[in-house]
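Values reported hereafter were calculated over all heavy atoms of this structure, with side chains retained and with hydrogens, waters and symmetry mates removed. In what follows, chains are A, B, ... by sequence order, proteins preceding strands, each numbered from 1.
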There are 2 protein chains.
Amino acid sequence: MAGVMENQLQPSKRSGPLRIGPAESRSIGNRQRDKIVHAATQVFSRKGYDGARVDEIARHAALPKGNVLYYFKTKQDLYRVVIEQVVALWLDALGDIALDTSPRVAISQYITRKLALSRNYPEASRLFAMEVISGAPIIGEQLRSQLREWVEEKGLVFRRWQREGRMAAIEPAHAFFMIWAVTQTYADFQTQIEAVTGAKDYDAEIYDLAAPDVVAVLVRGLGLRDEELVT
Amino acid sequence: MAGVMENQLQPSKRSGPLRIGPAESRSIGNRQRDKIVHAATQVFSRKGYDGARVDEIARHAALPKGNVLYYFKTKQDLYRVVIEQVVALWLDALGDIALDTSPRVAISQYITRKLALSRNYPEASRLFAMEVISGAPIIGEQLRSQLREWVEEKGLVFRRWQREGRMAAIEPAHAFFMIWAVTQTYADFQTQIEAVTGAKDYDAEIYDLAAPDVVAVLVRGLGLRDEELVT
DNA sequence: TTCAGGTTTGACCGAATGGTCAACTTTCGC
DNA sequence: GCGAAAGTTGACCATTCGGTCAAACCTGAA
């Protein structure tokens, strides 16, 4: 049902025209598919599903509209592929929380990784946000199954840490909600943050400055002590 | 330029059909305007500007489409009024940060107030979010002027607290970004939170539980100590 | 060279939707 | 009560936009 499923999302600041992971599957017009999906991600993330025009996506991809509809039968199909890819990226970038270090290190790393994700794929973040705000018509099911399981599983770890007094007594799910909220705000609300700070070079002025603050506040807030690493 | 400017937004759980503040200005069809704006807020907040159908707004307000267009010449006009109102609500609910108490109390109150706002006006929150994610085409100017000033002003207070060692050394603006992110996530990402927690009664199960955690994490994270109140 | 499959393209179509309008009804000051 | 202004309504129009299509155009295998 899905189709194209390796992640074709590319970090915002690309250098060459396209740069994909696996060297395989570079069949002639598969490259087109990539161009289209990439363009669609940009447009959908700014205009939402309804605001986006197939024609505009086509222009972004430097293709005639007819061509886009040749690769993706309908606008919805295209949207589905795009959002599915975003969710995939999201879910596995969620990654594992390292259990072989202290809670403080594990969560610091997690936050840093999540923040990097917002930085490198801001459009993906915004698209995800729009989907959810609109009631997650497409990805709702995945949230209810995969994401929920993930949270439940990691929640157990949090609870253990809490029993051991290595983390404050916060409802684990809410700890995640807060982490996600803070890290994603830098992508989703970029416009607002630019407006308030007057930043010109967002990445340099904002992310570099925010990263340590964000980690510090959350780590301290979640009560993650600076443990002595004893072997 | 704006027009209708008292806040006609109503908390989500209304009891009667309508309940507005000032008893004045209840001219015949001003009530209609309210109904329309209210309906429009709901629809716009879920579908975004482009996804919303004038006809659907009309049905929500139990009026024929023609009537809606009688009060608001165009869909854009209506949107502008709605979003303008949301921003007004936002800006003054931002409120003042009480200076006559300890930083801890002042910020706790602020967070609580902001959280209550998300709880009582979730559609407003989502609408605001969508606007910003889309690049804030309408309210950008206000963010650049009013919101920026507000942050700058309150930032000075934060810095003073920091110099006095009563608050951790966080860039003030970013402290706000984090507070806003966390509090708004409960409105904007309600769908996701429901999906993950399986909550049935969102207000009771989520907000009541989240409030203390959110306040605790942020207060601790921002390094706001529990000061002895000496007179 | 040829043939077949995939690809490209612009012209075209029908439905949906924002907005207009003119006929009609209600409201309200006098 | 009366008349003008305000409000109500459904039929209607113009445009926009997703999607179709058929005619060209590659490209590469035989």
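For B/Lys65 against D/dG10, no side-chain N or O and base N or O form a donor-acceptor pair under 3.5 Å. With hydrogens and angles left out, the side chain of B/Lys75 and the base of C/dG19 share no donor-acceptor pair within 3.5 Å. For a distance-only test at 3.5 Å, the side chain of A/Lys73 fails to qualify as a donor-acceptor partner of the base of D/dG19.
The number of heavy atoms from other shown groups lying within 6.0 Å of NZ (B/Lys47) does not exceed 12.
In this structure, B/Tyr79 has its ring center under 6.0 Å from that of B/Phe44.
Nearer to the 5' terminus of DNA chain D, by closest-nucleotide assignment, is the contact made by A/Arg53 (compared with the other of A/Arg53 and A/Gly66). Nucleotides of DNA chain C nearest to B/Gln76 and A/Asn67 differ in position, and the one nearer the 5' end is that of A/Asn67.
Within 4.0 Å (heavy atoms only), A/Ala58 reaches no atom of the nucleic acid at all.
For the pair A/Asp50 CG and C/dA15 C1', the interatomic distance rounds to 15 Å; values are reported in whole Å. Note: CZ (A/Phe72) to C1' (D/dC17) measures 19 Å, nearest angstrom. The distance from atom CD1 of B/Ile57 to atom C1' of C/dA16 is 16 Å, rounded to the nearest whole Å. Spacing between atom CG of B/Asp77 and atom P of C/dG19 amounts to 8 Å, rounded to whole angstrom units. Atoms OH (B/Tyr70) and C1' (D/dT8) sit 9 Å apart, rounded to a whole Å. Rounded to a whole Å, the CZ atom of A/Arg59 is 11 Å from the P atom of D/dG18. As rounded to whole Å, 13 Å separates atom C1' of D/dT9 from atom CD of B/Gln32. Remark: C1' of C/dT26 and CZ of B/Arg31 are 15 Å apart, rounded to the nearest angstrom.
Expressed to the nearest 0.5 Å, how far CH2 of B/Trp150 lies from CG of B/Asp92 amounts to 12.0 Å. Taking CD of A/Glu141 as the reference point, atom CD of A/Gln146 lies at 10.0 Å (rounded to 0.5 Å). With rounding to the nearest 0.5 Å, the separation of OG in B/Ser118 from OH in B/Tyr207 is 4.5 Å.
Side-chain N/O atoms of B/Tyr71 include none lying less than 4.0 angstrom from OP1 or OP2 on D/dA6.
Looking at the side chain of A/Leu69, the nearest of the listed nucleotides C/dT9, D/dG19, D/dT9 is D/dG19.
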